[in-house]
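Below you'll find the structure, written out as structure tokens, and then a few comments.
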Amino acid sequence: MDFLINVGLPLSLAIIMLSLGIGLEIADFRRVLTRKYAFFIGAFCQIVLLPVVAFAIAYLFGLPPEIAAGFMLLSFCPGGVTSNILSKLAKGDVALSVTLTAIISLLSIMTVPILAAWSVGHFLGEQAPDVSITGLALAMFLITTLPVAIGVTIRSLARSFALRIDKALSTLATTLFVLIVIAALAGNWTVFAENLGAMGASLVALNVVLLLLGLALGRGAGLSWQETKTISIETGIQNSTLGITMAGLITGTASGFSVLALPSAVYGITMYAVSIPFILWYRSR
């Protein structure tokens, strides 16, 4: 278990972020300059709207403090590779999805540590562990930003090699993620079983509400249907591996997977059940 938490978890996230970088081109970052309006709507949804909705749902469902704090950690995480894949399956604007994922993932090194420290302190109060914002930022740089930068560099210098290893990296990352989710649930099985009803319902509600809000905002902003589908998916899909990793970084790994990791672990399962009907509907239109 210690090996899985201390090595497997950071390695899984780093591989996921490397895979994200492998799929990026320098042009994906430049695209912000030409897609300002659509990008701004998507960034607003992810950075502002998502945490606000998560905070409201956590209180509405009366989640226990540690579960609520973990719920908020999940809401601070960007979409990651999964949102790009789902946007492609939904026949959305993949270029916009990739641009949003790339920029928001890099910005998360500044936003997530600050918001995570506030969230843990707010919900856990005096029982909250000391959270080093600088330490979290450094850890996130090493396991998220740096792998993305390495991936982009490999893609620009050795494109054919990048394309060859992309699928293998994705497969490896998915395998590690499945093992981590199983271990996180098994290590907190009692807490998981006691809170499954409220936690599962709140996660499904979060997913559905955000997908619909992203859809409504895209429509209201006058974006194209492809852009609107992408905004919906980017708003409603989070990187659950980052949420689990953040939980471990905040509480330490001496006692196994933290309860803070449970919402992200469960979300790693429920998000597919919730998003598939949306994807099928989006594909049909």
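Numbers here are sequence positions counted from 1.
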Checklist line | Criterion side chain to side chain contact (heavy atoms under 4.5 Å, CB included) on L212 and F278, from CA distance to verdict | finding: CA-CA 9 Å; L212 291 175; F278 279 87; 3.8 Å; yes
Checklist line | Chi angles and distances behind the side chain to side chain contact (heavy atoms under 4.5 Å, CB included) call for V112, L136 | finding: CA-CA 9 Å; V112 173; L136 282 179; over 6 Å; no
Next item on the list: Any chance you could lay out the side-chain hydrogen bond (donor to acceptor under 3.5 Å, both in side chains) test for E227 and T230, step after step, and finish with the verdict?
Entry: CA-CA 5 Å; E227 291 173 329; T230 298; over 6 Å; no
Next item on the list: Could you walk me through whether S119 and F71 pass side chain to side chain contact (heavy atoms under 4.5 Å, CB included), step by step?
Entry: CA-CA 10 Å; S119 178; F71 194 80; over 6 Å; no
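Taking each heavy atom of G243 and S264 in turn, the nearest pair found is CA-OG, 3.3 Å. Here the shortest heavy-atom pairing between L73 and A116 reads CD2-CB, 3.5 Å. Nearest heavy-atom pair across C45 and I231 is SG-CG2, 4.1 Å. Across A198 and F61, no two heavy atoms sit closer than the pair O-CD2, 4.0 Å. L211 and S275 get closest at one heavy-atom pair: CD1-CA, 4.5 Å. Here the closest heavy-atom approach between residue N207 and residue G236 is recorded as ND2-O, 2.5 Å.
Here the side chains of I67 and F123 are not in contact, with every heavy-atom distance at 4.5 Å or above. Here the side chains of T235 and L213 are not in contact, with every heavy-atom distance at 4.5 Å or above.
Listed for the S202 side chain is a donor-acceptor partner under 3.5 Å among the backbone atoms of M199. Although no hydrogens or angles enter the test, the distance criterion places a donor-acceptor pair under 3.5 Å between the side chain of T228 and the main chain of S224.
Note: Y59 and H122 have perpendicular aromatic rings, judged against thresholds of 30 and 60 degrees for the angle between ring planes. Using bins of under 30°, 30° to 60° and over 60° for the plane-to-plane angle, the ring pair W281/W225 lands in the perpendicular bin.
Connection of V120 to I133 is not established within any shared hydrophobic cluster, with ILVMFWY side chains joined at heavy-atom distances below 4.5 Å, either directly or through further cluster members. Transitive grouping of hydrophobic side chains (ILVMFWY, heavy atoms separated by less than 4.5 Å) keeps I276 and I279 in distinct clusters. Both F55 and L60 are members of a single hydrophobic cluster when ILVMFWY side chains are connected at heavy-atom separations under 4.5 Å. There is no path of hydrophobic side-chain contacts, each under 4.5 Å, that joins V98 to L163. Under the 4.5 Å side-chain heavy-atom criterion for grouping Ile, Leu, Val, Met, Phe, Trp and Tyr, I269 is connected to Y267 within one hydrophobic cluster.
Note that OG of S108 is 9.5 Å distant from CD1 of I47, once rounded to the nearest 0.5 Å. With values rounded to the nearest 0.5 angstrom, L100 atom CG is found 11.5 Å from I233 atom CD1. Here L210 contributes atom CG and Q238 contributes atom CD; the two are 6.0 Å apart, rounded to the nearest 0.5 Å. To the nearest 0.5 Å, atoms CG (L49) and CG (L217) are separated by 6.0 Å. The CE atom of M17 lies 13.0 Å from the CG atom of L169; values are rounded to the nearest 0.5 Å.
Pairs passing the side chain to side chain donor-acceptor pair (under 3.5 Å) check and including a residue from residues 128-143, sequence neighbours excluded, do not occur.
Each of L74, I57, V208, V274 was scored for a side chain to side chain contact (heavy atoms under 4.5 Å, CB included) with L203, with one residue passing: L74.
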Using distance only, find each side-chain donor-acceptor pair of residues 137-159 under 3.5 Å and give its atom names and separation, not counting sequence neighbours.
unit_1: T144; atom_1: OG1; unit_2: M140; atom_2: O; d: 2.2
unit_1: T153; atom_1: OG1; unit_2: A149; atom_2: O; d: 2.8
unit_1: R155; atom_1: NE; unit_2: E25; atom_2: OE2; d: 3.3
unit_1: R155; atom_1: NH1; unit_2: I22; atom_2: O; d: 2.9
unit_1: R155; atom_1: NH2; unit_2: E25; atom_2: OE2; d: 2.9
unit_1: S156; atom_1: OG; unit_2: V152; atom_2: O; d: 3.3
unit_1: S156; atom_1: OG; unit_2: T153; atom_2: O; d: 2.9
unit_1: R159; atom_1: NH1; unit_2: E25; atom_2: OE2; d: 2.4

Cut-off 3.5 Å, no hydrogens considered: what does the side-chain donor-acceptor table look like for residues 75-95, sequence neighbours left out?
unit_1: S75; atom_1: OG; unit_2: M72; atom_2: O; d: 2.6
unit_1: S83; atom_1: OG; unit_2: G80; atom_2: O; d: 2.9
unit_1: S83; atom_1: OG; unit_2: T101; atom_2: OG1; d: 3.4
unit_1: S83; atom_1: OG; unit_2: E234; atom_2: OE1; d: 3.4
unit_1: S83; atom_1: OG; unit_2: E234; atom_2: OE2; d: 2.9
unit_1: N84; atom_1: ND2; unit_2: S97; atom_2: O; d: 3.3
unit_1: N84; atom_1: ND2; unit_2: S97; atom_2: OG; d: 2.8
unit_1: N84; atom_1: ND2; unit_2: T101; atom_2: OG1; d: 2.8
unit_1: S87; atom_1: OG; unit_2: S83; atom_2: O; d: 2.9
unit_1: S87; atom_1: OG; unit_2: S97; atom_2: OG; d: 3.3
unit_1: D93; atom_1: OD1; unit_2: A95; atom_2: N; d: 3.4
unit_1: D93; atom_1: OD1; unit_2: L96; atom_2: N; d: 3.0
unit_1: D93; atom_1: OD2; unit_2: R35; atom_2: NH2; d: 2.5

